[in-house]
Peer 1: 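Below is a structure I'd like to ask you about.
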Amino acid sequence: MMLCGNTLAVYRGRFAPSPTGLLHFGSLVAAVGSYLDAKSNHGEWLVRIDDLDPPRVVPGASKEILSTLDSLGMEWDGEVVYQSQRNDIYQEALASLNKLGLIYPCACTRKKIIDSGMMGMSGPIYPGTCRNNRSVHAKLSAWRIETKSDPIVFQDLLSGSICQRLNREVGDFVLQRADGVYAYQLAVVVDDAEQNITHVVRGADLQDSTPRQIYLQQLLGYPVLTYMHLPLVTNHAGEKLSKQTQATPIDLSNALAQLIAALGFLGQEPPVDLSNSDIPSFWQWAIENWRLEKIPCQI
Ligand code: GLU
């Protein structure tokens, strides 16, 4: 339990879209799942814009995403936080990890890593080439963190126990790129802790990232969070819906139908007459009837 303002919050969730395009059905499912889980637990729901990587940000997308959430009747608590404005706190966290002696500069190119390493679940496993190489010039390099062989285990609310040995399955991973951009893995951990998030509900594509995030939480002395990874929406080719796979933006001319479809995807069986109702009635039914055991386990 933690103190938030004057109230005791036992549940603080969030939705953290990347403004690399408009909200599509896949991101809507993550938004609806995180919103319903928070609201059905009488919790708070925050929105954070993951706009860390300037070249990938589509101008105007953040504003559009927020206005879509608003049109869908999804009210967030507090101010929207933008990662692009938080480099100072990411820098502090990196400095704390540096004091622990666990990070090091790395000048290896992607090609070199692919050629020398093995493929892991999230790309090539870094073979540790620069770990003990003191000649690497810190200014022009990425910063990596040393990983360990101890298993990192967490209980996903849908998939159950997940275990990863970071050194074997992922390798030392990047916390800051050579161009100075902080890595998602560092920023998300710092933000979730700084915003007192207690529950993370997001797409299953990020499940493999969770042990890396728990490792950083442990090193930085942050609380470990509760995680639930939702089934992923895929296209006909079995690919995750995303800007890269040309996912179409949510059609707001029938917002209620989109919400009902997202709820149906999450296995919640909304009654047929809900489609003749309105957005407030939709949310009332969906919050009262949110059942984790109905969500299909797809992983
Ligand atoms: N920004 C990430 C995405 O849009 C989600 C990050 C998270 O929920 O941790 O896929």
Side-chain angles (χ1 to χ4, degrees), residues 11-38 43-58 61-66 68-69 74 76 80-86 90 93 122-123 154 156-159 162 170 173 175 177 181-217 220 222-235 239-245 247 249-250 262 266 299:
Y11 190 119
R12 212 161 196 233
R14 75 345 178 242
F15 174 53
S18 305
T20 50
L22 305 181
L23 215 62
H24 52 71
F25 188 67
S27 33
L28 178 67
V29 165
V32 166
S34 62
Y35 186 76
L36 286 176
D37 205 53
E44 294 177 310
W45 186 72
L46 281 67
V47 172
R48 185 171 72 226
I49 300 287
D50 279 4
D51 56 352
L52 264 183
D53 191 355
R56 292 187 61 227
V57 169
V58 171
S62 304
K63 220 167 143 216
E64 282 293 327
I65 290 173
L66 295 175
T68 303
L69 293 175
M74 303 179 79
W76 54 87
V80 173
V81 161
Y82 292 83
Q83 288 192 323
S84 56
Q85 295 168 9
R86 293 159 75 80
Y90 307 141
S122 320
F154 73 96
D156 183 88
L157 291 184
L158 287 184
S159 321
I162 310 280
V170 179
F173 54 97
L175 298 183
R177 294 191 331 214
V181 172
Y182 291 96
Y184 157 71
Q185 306 293 354
L186 178 70
V188 68
V189 165
V190 173
D191 287 335
D192 284 341
E194 204 265 343
Q195 295 187 282
N196 291 332
I197 299 300
T198 59
H199 290 68
V200 171
V201 176
R202 58 187 177 190
D205 54 324
L206 291 166
Q207 185 162 289
D208 287 346
S209 290
T210 302
R212 266 170 278 180
Q213 294 172 16
I214 292 174
Y215 178 55
L216 294 177
Q217 285 158 357
L220 290 163
Y222 296 158
V224 173
L225 314 178
T226 299
Y227 288 94
M228 173 157 71
H229 292 92
L230 301 170
L232 273 192
V233 183
T234 51
N235 63 16
E239 301 159 326
K240 180 197 163 196
L241 290 196
S242 68
K243 195 181 157 224
Q244 289 74 31
T245 57
I250 292 296
L266 290 167
I299 306 161

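One-based numbering, in listed order, for ligands and for the atoms of each. Values below: all heavy atoms of this structure, side chains included; hydrogens, waters and symmetry mates excluded. The structure displayed is predicted, hence computed values, not measured ones.
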Peer 1: Going by heavy atoms in the side chains, are Val32 and Leu266 under 4.5 Å from each other?
Peer 2: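 Yes, side chains in contact.
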Peer 1: Applying salt bridge (Lys or Arg N to Asp or Glu O under 4.0 Å) between Glu194 and each of Arg86, Arg14, Arg12, report the one that passes.
Peer 2: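 Result: among Arg86, Arg14, Arg12, Arg86 is the only option passing the salt bridge (Lys or Arg N to Asp or Glu O under 4.0 Å) with Glu194.
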Peer 1: Just jot down the side-chain hydrogen bond (donor to acceptor under 3.5 Å, both in side chains) partners of Tyr215, sequence neighbours excluded, or say none.
Peer 2: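 Result, side-chain hydrogen bond (donor to acceptor under 3.5 Å, both in side chains) vs Tyr215: none returned.
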Peer 1: Return the set of residues passing salt bridge (Lys or Arg N to Asp or Glu O under 4.0 Å) with Asp37 (not counting sequence neighbours), or none when no residue passes.
Peer 2: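 Scan of Asp37 (salt bridge (Lys or Arg N to Asp or Glu O under 4.0 Å), adjacent residues dropped) gives none.
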Peer 1: Could you pull out the N/O contacts under 3.5 angstrom between ligand 1 and the surrounding protein atoms?
Peer 2:
residue	atom	partner	partner atom	Å
ligand 1	1 (N)	Ala16	O	2.7
ligand 1	1 (N)	Ser18	OG	2.8
ligand 1	1 (N)	Asp50	OD2	2.6
ligand 1	4 (O)	Ser18	N	3.4
ligand 1	4 (O)	Ser18	OG	3.2
ligand 1	8 (O)	Arg14	NH1	2.7
ligand 1	9 (O)	Arg14	NH2	2.9
ligand 1	9 (O)	Tyr184	OH	2.7
ligand 1	9 (O)	Arg202	NH1	2.8

Peer 1: For Asp50, what residues pass the side-chain hydrogen bond (donor to acceptor under 3.5 Å, both in side chains) criterion, not counting sequence neighbours?
Peer 2: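 Checked Asp50 against side-chain hydrogen bond (donor to acceptor under 3.5 Å, both in side chains); matches are Gln83.
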Peer 1: Is there a side-chain contact between Gln213 and Val200, using heavy atoms and a 4.5 Å cut-off?
Peer 2: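 They are not in side-chain contact.
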